[in-house]
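For reference, the structure is listed below as structure tokens.
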Amino acid sequence: MTFPSDFLTLPLTQPVVIITLVLVIILCAPILFSRLKIPNIVGLILAGVAVGPYGFNLLARDASFEIFGQVGILYLMFLAAVEIDMYHLKRNYRSGVVFGLVTFLLPMAVGIPLTKFALDISWTSSVLISSMYASHTLISYPVVSKFGLTNNRGAVIAVCGTIVAVLLALLALAEVVAVRVSGHFDVGSLFWLLLLMGIYAVGVGWSFPKLTRWFFRKTSDSVMQFIFILTLVLIASTLAKVIGLESILGAFYAGLVLNPFIPSRSALMNRISFVGNAIFIPYFLIGVGMLINVHVIFRGWGVAWAAGVMTLTALVTKWVAAWGSQRMIGLGSNERRLMFGLSSGKAAATIAATMIGYQYGLLTEDMMNGAVVMILVCCIVASVTTETAAKSIRISLTAAALDNEAPRRVGFARQIVAVSNPLTAEGIMRMAVFMRSPLNTETITALFVRRSDNPELLRDGRQSLNLAMAAAEAVDVPCRQVERFDLNIMAGVTNVMREHHATEVVIGLHRRTNIVDSFFGSMIDQLMRSTNRMIIMARCFIPVDTVRRIFVYVPRNAQYESGFSDWIARIGNLASQLSCRVHFLCQPVTGEYIEAHVAEGGYAFSRQYAPMENWDDFIILSSQVGEEDLLIVIGARKGSVSYTGDYENMPSFLGRNFRNHNITLVIPSQFDGKVNTDSLNPR
């Protein structure tokens with residue numbers, strides 16, 4: 001038996017063998033290097049060095065590495081943008097711009113004269129090399145994501161600063177090339193590029209949300225949604241390249257634009273993170289390692305001197321920039337180290353500048369090899385520093401969380417999601433998942449209650465259970481199925497709530513079948529009388545993750561109900577997940593209590609309060625609710641503190657004016673009519 005000759009020649013050329021080896025590296029490198037206390041990112045880069053053309057020559061950097069590597073860096077920038085909570089981004093973007101300017105200007109100001117005289121090169125070449133110092137790549141961002149620190153202030157500021165620094169560095173690179181080609185500085189070309197950037201930003205920012213909202217309403221298949229999102233990212237990257245920018249900027253901007261449509265706890269986000277972290281990003285890191293030729297260090301003092309000057313200048317100036325920004329912004333030492341780690345990595349923009357500089361004769365071979373060494377050292381320093389800082393921050397956050405663990409766990413929801421219609425089951429479950437705390441590990445109960453053996457009803461009910469179960473499992477939320485036979489549906493729901501000690505039930509809002517039918521439905525009326533736990537009735541004609549704004553009607557004296565803090569928690573979790581603005585329609589004094597509870601709970605969402613003194617004010621304010629918004633009505637049981645005569649008008653008003661709107665009715669929990677004395681004073 002003989003093997004084909006191409007199985008034995010190096011580098012390997014068989015596609016299946018190449019893919020197999022790459023997967024083995026992705027699987028084994030983190031395991032091996034973790035035993036050596038080396039970060040996974042560094043391990044993948046070093047593995048790329050070992051198997052690449054400058055190592056054992058097992059793999060050639062062929063088209064597959066070009067394609068997957070390029071997509072990998074785009075994916076990395078896209079993930080950095082889409083994982084940021086927009087609320088934290090809006091609060092910290094000014095600090096991010098400050099850090100971006102500092103981490104660009106300082107390396108340029110120090111690097112230009114230092115490189116000019118240390119390496120004895122032209123001013124044009126020194127500006128080009130200094131743009132390498134100033135730019136950086138978020139190569140260690142997966143570490144931040146792994147430790148769950150994507151919304152840490154230092155991480156958000158570093159990500160914002162990255163875009164500013166990279167954009168300015170690329171503009172500097174473009175002007176250096178223009179000077180090299182034409183012999184003079186061309187203001188017109190710079191103005192034209194800025195104009196194209198403005199048109200690009202407006203065009204993508206306007207069209208992508210409309211396309212996404214339209215597509216998500218047409219299909220709820222998360223696989224198709226993933227393909228659609230990836231297509232938009234690549235389109236944005238290509239358009240950025242067409243107008244003269246680097247494609248990584250387009251990928252990041254696409255992530256910011258699409259961020260509101262990709263909640264962190266959704267099946268779509270799970271797929272995006274999985275594909276990127278499993279395939280594209282490791283491919284990119286291995287490809288970076290394959291570019292590095294460690295042998296150039298020993299070719300002579302010229303390479304070693306250039307590498308030493310470039311590496312030390314890049315790292316020292318980035319550290320000083322992080323230290324100075326930390327002082328100006330007011331962060332801790334761990335956040336400073338995190339910012340330095342994220343801003344010291346070199347890859348995409350630096351590699352592009354190196355290749356362009358060598359192509360136009362601005363860099364000698366020694367300087368190009370020195371840049372390659374700088375990339376390797378900076379990647380290692382960035383990965384080690386980021387992991388060390390992230391561990392320290394996570395340890396401190398975990399210690400603080402453990403101090404409050406017991407009281408927080410008492411408030412965790414134990415949800416019953418009652419389903420019967422396959423068309424609405426998935427949407428109801430997704431609403432329940434978005435309303436629960438990300439820290440909640442309680443199992444959701446998907447419930448179908450039947451009172452007959454009708455085959456059609458039985459089939460629909462079991463299909464609804466399966467759809468609800470799949471929606472919960474897609475976001476790693478534990479879920480159990482319960483199918484129950486009972487005398488009537490409401491008896492089955494309340495009995496299961498007692499058996500599982502549920503704190504609330506989530507159910508589909510009744511849809512009127514005739515003109516004399518109640519808006520809430522007779523079964524809901526029975527449920528309100530049979531349980532004092534929270535009841536959430538949801539009706540969404542559009543996917544909940546495409547909601548633009550949330551309007552919340554809050555009745556007078558709602559702060560005195562025992563379930564006041566619970567429904568605020570549900571809305572806080574929902575708004576934080578969807579990254580949308582909440583408009584509370586309430587009395588000013590009630591708004592103060594709401595704000596106190598929101599601040600105490602640490603819910604991150606934009607909000608505003610519209611004063612509402614009477615029913616007429618609600619009629620006027622509710623006219624702002626559009627079909628792309630969600631109206632949440634905080635209800636009340638008869639005889640409760642917050643119940644008023646206005647509720648007699650609510651069903652007919654909603655049925656008449658909000659027939660095609662997304663509505664959620666929340667009946668707060670009420671325990672034996674007990675007044676919530678904890679809410680008598682805002683905290």
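These figures come from a predicted structure and were not determined experimentally.
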query: Can you tell me if Ser131 uses its side chain to pair, donor with acceptor, with the backbone of Leu128 under 3.5 Å?
result: yes
message: So, taking the atom named CG in Leu74 and the one named CZ in Phe280, what distance separates them when rounded to the nearest 0.5 Å?
response: 10.0 Å
query: In terms of heavy-atom contacts, does CH2 of Trp206 have more than 12 from other residues, nucleotides or ligands at under 6.0 Å?
result: no
- prompt: Any idea which heavy atoms bring Gly52 and Met290 closest together, and the distance?
  reply: CA-CG, 3.9 Å
- prompt: When you look at Leu167 and Met197, which way does the side chain to side chain contact (heavy atoms under 4.5 Å, CB included) test go after all the steps?
  reply: CA-CA 11 Å; Leu167 178 59; Met197 285 172 53; 3.7 Å; yes
query: If you count the non-hydrogen atoms of other residues, nucleotides and ligands that lie under 6.0 Å from CH2 in Trp319, is the total more than 12?
result: yes
- request: To the nearest 0.5 angstrom, please state how far the CD1 atom of Ile571 sits from the CD1 atom of Ile550.
  value: 7.5 Å
field: Audit row: Phe78, Phe252, ring pair (Phe, Tyr, Trp, His ring centres under 6.0 Å) steps and yes/no
entry: CA-CA 5 Å; Phe78 169 67; Phe252 184 85; 9.7 Å; no
query: Quick one: CG on Asn334 to CZ on Arg336, what's the gap to the nearest 0.5 Å?
result: 8.5 Å
- request: Side-chain contact test, heavy atoms from C-beta onward, threshold under 4.5 Å: evaluate it for Arg94 versus Val97 and give yes or no.
  value: no
statement: So CD1 of Ile286 and CD1 of Ile25: to nearest 0.5 Å the spacing works out to 5.0 Å
task: For the pair Ser126 (side chain) and Lys116 (backbone), establish whether a donor and an acceptor sit closer than 3.5 Å, ignoring hydrogens and angles.
output: no
field: Met269 and Glu83, any side-chain heavy atoms less than 4.5 Å apart
entry: yes
Side-chain donor or acceptor of Tyr200 paired with backbone N/O of Ala236 under 3.5 Å: yes
- prompt: Can any side-chain N or O of Tyr141 pair as donor or acceptor with the backbone N or O of Leu76 at less than 3.5 Å?
  reply: no
query: Of Val71, Leu23, Val22, which meets side chain to side chain contact (heavy atoms under 4.5 Å, CB included) against Ile279?
result: Leu23
message: Which residue is it: Arg549, Arg91, Arg581? I am looking for the one with a side chain to side chain contact (heavy atoms under 4.5 Å, CB included) to Ser606.
response: Arg581
task: With the side chain counted from C-beta on, respond yes when Lys146 and Asn277 share a heavy-atom pair under 4.5 Å apart, and no when they do not.
output: no
- line: What one should report as the nearest heavy-atom pair of Ser325 and Phe99 is OG-CD1, 3.2 Å
task: Applying side chain to side chain contact (heavy atoms under 4.5 Å, CB included), run through Val164 and Phe104 and close with a yes or a no.
output: CA-CA 8 Å; Val164 176; Phe104 169 78; 5.9 Å; no
- prompt: To the nearest 0.5 Å, what is the distance between CE (Met339) and CD (Gln326)?
  reply: 8.0 Å
Give every donor-acceptor pair under 3.5 Å between a side-chain atom in residues 374-387 and any protein atom, sequence neighbours left out.
{"residue": "Ser383", "atom": "OG", "partner": "Cys379", "partner atom": "O", "Å": "2.8"}
{"residue": "Thr385", "atom": "OG1", "partner": "Val381", "partner atom": "O", "Å": "2.7"}
{"residue": "Thr386", "atom": "OG1", "partner": "Ser140", "partner atom": "OG", "Å": "2.9"}
{"residue": "Thr386", "atom": "OG1", "partner": "Gly341", "partner atom": "O", "Å": "3.4"}
{"residue": "Thr386", "atom": "OG1", "partner": "Ala382", "partner atom": "O", "Å": "2.6"}

task: Identify the heavy atoms of Leu315 and Phe340 that sit nearest to each other, and give their distance.
output: O-CE1, 3.5 Å
message: Any non-hydrogen side-chain atom of Leu363 less than 4.5 Å from a side-chain atom of Ile129?
response: yes
- request: Given side chain to side chain contact (heavy atoms under 4.5 Å, CB included), test Leu168 with Met108 step by step and report yes or no.
  value: CA-CA 11 Å; Leu168 294 176; Met108 292 292 289; over 6 Å; no
Ring center gap for Phe284 and Phe68 short of 6.0 angstrom: no
- line: Nearest heavy-atom contact between Ala165 and Thr103 is CB-CG2, 3.7 Å
Thr137 side chain vs Ile139 backbone, donor-acceptor pair below 3.5 Å: no
message: Test side chain to side chain contact (heavy atoms under 4.5 Å, CB included) on Arg271 and Gln225; report intermediate values, then the result.
response: CA-CA 10 Å; Arg271 283 178 169 80; Gln225 291 178 350; over 6 Å; no
task: For the pair Tyr283 (side chain) and Ile67 (backbone), establish whether a donor and an acceptor sit closer than 3.5 Å, ignoring hydrogens and angles.
output: no
statement: What one should report as the nearest heavy-atom pair of Val475 and Ala267 is CG1-N, 3.4 Å
task: Determine yes or no for a side-chain-to-main-chain donor-acceptor pair under 3.5 angstrom, with Arg394 supplying the side chain and Phe147 the backbone.
output: yes
task: Flag the pair Thr115 / Tyr133 as yes when at least one side-chain heavy-atom distance between them is below 4.5 Å, and no otherwise.
output: yes
- prompt: Taking C-beta and beyond as the side chain, do Leu342 and Thr162 meet within less than 4.5 Å on heavy atoms?
  reply: no
query: Are the side chains of Ile393 and Glu335 in touch, meaning some heavy atoms are under 4.5 Å apart?
result: yes
field: OG-CH2 distance between Ser130 and Trp123, expressed to the nearest 0.5 angstrom
entry: 9.5 Å
task: Mark yes or no for whether Ser576, through its side chain, and Ala604, through its backbone, hold a donor-acceptor pair below 3.5 Å.
output: yes
message: Main chain of Leu362, side chain of Ser125: is a donor-acceptor contact present, judged purely on distance under 3.5 Å?
response: yes
- request: Evaluate the side-chain proximity of Thr313 to Pro107: yes if any heavy-atom separation is below 4.5 Å, no if none is.
  value: no
query: What is the minimum heavy-atom distance between Ala314 and Lys346, and which atoms define it?
result: CB-CE, 4.1 Å
query: Counting only N and O atoms by type, is there a donor-acceptor contact under 3.5 Å from the side chain of Asn573 to the main-chain atoms of Pro438?
result: no
query: Side chains of Gln70 and Ser237: do they bring a donor and an acceptor to under 3.5 Å?
result: no
